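Whatever order the structure lists them in is the order used to number ligands and atoms, beginning at 1. Keep in mind that what you see is a predicted model, and the values were worked out from it rather than measured.
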Amino acid sequence: MESVMSKSEQNKSILYIEDNPANLRLVEQILMSLPDIKMLSAIEPLSGLELVKQHSPDLILLDINLPEMSGYEVIKQLKTMDESVNTPVVAISANAMPKDIQQGKDAGFDAYITKPIDVKDLLFTVEKILSDK
Ligand code: MN
């Protein structure tokens with residue numbers, strides 16, 4: 001597909017924190033179709049937060065149902081960290097009721113993508129957020 005990203009917006013890094021390996025692989029495969037994207041991934045929240053400190057990613061994709069900490073606890077921490085206070089965070093969750101999506105917006109997520117993941121929706125959301133930055 002055609003990318004809407006310009007040359008000045010190349011080499012963006014995206015971190016995906018997700019405990020389901022099948023979802024991780026799927027999203028990585030989808031986003032690797034975008035030009036000059038570097039994917040980072042973590043299967044549990046604490047290693048995800050560590051990657052944020054090390055790499056200051058341009059965009060964070062965050063599962064809600066995670067071991068040890070929920071995605072809501074993770075975004076709360078992200079918004080207190082220098083490396084991610086201004087970083088867009090997108091929820092990717094199977095919790096797809098309107099109240100879930102509203103809770104996500106209230107918690108500070110820039111977008112809320114529901115599972116099963118719609119490929120076009122994911123690509124559109126990611127490209128829009130990265131080109132707005
Ligand atoms: Mn999960």
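For Asp19, the N, O or S atom closest to the Mn ion (ligand 1) goes by the atom name OD1. Nearest N/O/S atom of Asp63 with respect to the Mn ion (ligand 1) is recorded as OD2.
Evaluation of the side chain to side chain contact (heavy atoms under 4.5 Å, CB included) rule for Ile101 yields Lys105, Tyr112, Thr114 as partners, not counting sequence neighbours.
When Val126, Asp58, Val90, Ile129 are each tested for a side chain to side chain contact (heavy atoms under 4.5 Å, CB included) with Ile14, only one passes: Val126.
Between Glu18 and Lys115 there is a salt bridge, with a side-chain nitrogen of the basic residue lying less than 4.0 Å from a carboxylate oxygen of the acidic one.
Residue Ser41 holds its OG atom at 12.0 Å from CG of Asn23, rounded to the nearest 0.5 Å.
Metal site remark for the Mn ion (ligand 1): Asn20 contributes no N, O or S atom at a distance under 2.8 Å.
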